[in-house]
Amino acid sequence: MDPILNPYSPGAGMPPPELAGRQDLMDRIRIALERARMRRPAKSVLAVGLRGVGKTVLLLKSSEYAESKGMLVTRVEAPESRSLPALLGPGLRVAMIRLEKKSRARELARRALRGLAGFAGALKVKYQDIEFGLDLDPEPGLADNGDLELDLQALLEAVGEACASADTGLVMFVDELQYVAEDELAALIVALHRTAQRSLPVTLVGAGLPQLRGRMGRAKSYAERLFDFSEVGPLSRDAAATAIVKPARDLGVDFHDEAVSMILRETEGYAYFLQEWGKHVWDAAEGSPITSRDVRAASAAALATLDEGFFMVRFDRLTQSERRYLRAMAELGPGPHRSGQVAAELGRTVTSLGPMRGQLISKGMIWSPGHGDTAFTVPRFDGFMRRILPGSDWRS
């Protein structure tokens, strides 16, 4: 098959040729955005799920929809080392400069920019990674207390007032939200709560690993009532089959049913894995229809590519002790596992392993689906750990 025509698109946040099985969630986000723009009550939406389920793609598609409706959009990905003010500030600056060009919103947009100037100046001492600046003089008393919870609330209110004057809205798209510190999450929750109370057109669409729900709840107890937490998991069998079959069929290529079934078994319905297998199967096939023989020929290459990229980039971030912890989990299977089982596998106590477990959760490698439970955030990572650290030498 011609690799130039290969329709599949494995890659971080790369939109698939067929966004199958996500229409319900896309509709929920669309409704939330439209209601926010119209200043009607709407919950911000947070998509939570494991790696490789397509959360980043959902944010991208939703942001494109918001822009098509004339809404102002900011897009950021939260790394482990950046503060929330440093993440949000540049996007808010650009959004208000754009809004300033509209005559109806000019004065309120300039006020929001003055608030942003005060916000940055007051918080630079605490959050030294703030790098954006503004030529405007701050407005005394507007978002310049040096307290993130107070200042972010005042700033988003000023932004919301400016948006309302122009009959538009602001949507903040934040990926990897689980990396934001809990006190900063608390400030964001308070600010969004205030704009919602005032029916100002400011909303958040975020994505994160499963632990995000617990982090939001710990940050503010009312977070569960303020956000629509949408679980994003593997695709259903029918949706996964559509994601594989339709892009090829659009190019005049068919699959045998057995070949599709084999791909679904190999990928377990995870969106990223489907694209990886689709790409390698296409490249391995000699023509249409694609057969189970083609899938068998391609599966080793697909798995090797995942090992070298998707899995290895996470493995490389681990210390030796952390690798042993995850290898012990893998010895027990896909999981989730009780923390006591992992400790017993390592010949250690649960208490002694507590700090390491906490660090692995902070790194986004594992999460706790229930009290005392531990699970991988990366699908099929148990198999990778057994391949990369075979035998029993990892125990030493």
Side-chain angles (χ1 to χ4, degrees), residues 24-25 27-49 55 58-59 62 66 74 76 78 83-85 87-89 91-92 115 119 123 126-127 143 145-161 163-164 169-232 358 361-362 364 367-371 373:
D24 285 350
L25 179 51
D27 286 344
R28 289 164 71 178
I29 295 173
R30 177 183 59 81
I31 291 167
L33 297 184
E34 292 287 7
R35 287 184 65 85
R37 184 171 63 86
M38 297 170 64
R39 303 186 67 179
R40 295 178 181 274
K43 291 183 177 181
S44 292
V45 180
L46 298 180
V48 296
K55 302 185 298 298
L58 290 170
L59 292 194
S62 299
T74 69
V76 293
S83 71
L84 185 66
L87 286 172
L88 295 183
L92 293 176
F119 177 83
L123 291 171
K126 182 175 181 181
Y127 303 101
N145 291 289
D147 181 299
L148 179 59
E149 191 164 300
L150 293 174
D151 290 349
L152 187 58
Q153 176 180 325
L155 177 61
L156 290 191
E157 283 188 87
V159 168
E161 289 166 355
C163 290
L170 173 80
V171 192
M172 297 176 289
F173 291 89
V174 185
D175 203 359
E176 303 286 6
L177 195 56
Q178 77 279 348
Y179 288 136
V180 175
E182 285 187 15
D183 61 328
E184 296 170 26
L185 285 177
L188 180 61
I189 294 167
V190 168
L192 289 169
H193 191 200
R194 180 58 178 163
T195 57
Q197 287 175 324
R198 293 191 56 198
S199 298
L200 294 173
V202 176
T203 193
L204 170 75
V205 178
L209 294 174
Q211 58 261 43
L212 177 60
R213 184 193 294 269
R215 289 177 62 79
M216 297 290 278
R218 288 191 298 272
K220 287 293 178 182
S221 60
Y222 55 81
E224 288 279 354
R225 289 169 282 155
L226 188 62
F227 296 94
D228 178 358
F229 289 91
S230 297
E231 300 285 343
V232 186
I361 290 174
S362 296
W367 70 293
S368 180
H371 181 69
D373 287 336

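Predicted model only: the values in this text are computed from it and were never measured. Residues: numbered from 1 along the sequence shown.
For the residue pair Ser368 and Asp373, the shortest heavy atom distance occurs at OG-O, 3.0 Å. Scanning all heavy atoms of the two residues, the minimum distance from Val202 to Gly160 falls at CG2-CA, 3.5 Å. Ala42 and Ala32 make their closest contact through CB-O, 3.7 Å (heavy atoms, listed as atom of the first residue, atom of the second, distance). For the residue pair Pro210 and Val48, the shortest heavy atom distance occurs at CA-CB, 4.5 Å. Minimum interatomic distance between Ile361 and Gln211 (heavy atoms only, all atoms of both residues): O-NE2, 3.3 Å. Between Arg28 and Asp228 the shortest heavy-atom distance is NH2-OD1, 2.6 Å.
The salt bridge (charged side-chain N to carboxylate O under 4.0 Å, His left out) with Glu224 is formed by just one residue from the set Arg218, Lys43, Arg213; it is Arg213. Considering Thr74, Leu200, Thr203 as possible partners of Leu170, the one that fulfils the side-chain contact (heavy atoms from CB on, under 4.5 Å) test is Thr74.
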| Stepwise, does the side chain to side chain contact (heavy atoms under 4.5 Å, CB included) test hold for Ser83 with Glu184? | CA-CA 8 Å; Ser83 71; Glu184 296 170 26; 4.1 Å; yes

| request: Kindly indicate, with the supporting measurements, whether the criterion side chain to side chain contact (heavy atoms under 4.5 Å, CB included) is fulfilled by Leu92 and Phe119. | output: CA-CA 11 Å; Leu92 293 176; Phe119 177 83; over 6 Å; no

| said: The test is side chain to side chain contact (heavy atoms under 4.5 Å, CB included); show your working for Leu156 and Met172 and say whether it passes. | reply: CA-CA 11 Å; Leu156 290 191; Met172 297 176 289; 4.0 Å; yes

| Working for side chain to side chain contact (heavy atoms under 4.5 Å, CB included), residues Phe227 and Ile189 | CA-CA 9 Å; Phe227 296 94; Ile189 294 167; 3.8 Å; yes

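Checked by atom type and distance alone, the side chain of Gln178 pairs as donor or acceptor with a backbone atom of Leu209 at under 3.5 Å. A donor-acceptor pair under 3.5 Å links the side-chain atoms of Arg39 to the main chain of Ser199, judged by distance alone. The closest donor-acceptor contact from the side chain of Asn145 to the backbone of Asp151 lies at 3.5 Å or more, if one exists at all. No donor-acceptor distance shorter than 3.5 angstrom exists from the side chain of Arg215 to the backbone of Leu177, with no hydrogens or angles considered.
Here the side chains of Tyr127 and Leu84 are not in contact, with every heavy-atom distance at 4.5 Å or above. Counting heavy atoms from C-beta outward, Val171 and Leu204 have side chains that stay 4.5 Å or more apart. Counting heavy atoms from C-beta outward, Ser44 and Leu226 have side chains that stay 4.5 Å or more apart. By the 4.5 Å heavy-atom criterion applied to side chains, Leu25 and Leu58 are counted as neighbours. Between Lys55 and Leu59, every side-chain heavy-atom pair lies at or beyond the 4.5 Å cut-off. Counting heavy atoms from C-beta on, the side chains of Leu33 and Arg37 never come closer than 4.5 Å. When side chains are defined from C-beta on, Trp367 does not count as touching Leu212, because their heavy atoms never get closer than 4.5 Å.
Atom CG of Leu148 sits about 10.0 Å away from atom CG of Leu155, to the nearest 0.5 Å. Remark: Gln197 CD to Leu192 CG distance equals 11.5 Å, nearest 0.5 Å.
Within a 6.0 Å radius of CG in Asp24, no more than 12 heavy atoms belonging to other residues, nucleotides or ligands are found.
The residues Glu34 and Arg40 are annotated as not salt-bridged, no charged nitrogen and carboxylate oxygen being separated by less than 4.0 angstrom. Salt bridge Lys220/Glu149: present, at least one basic N to carboxylate O contact under 4.0 Å.
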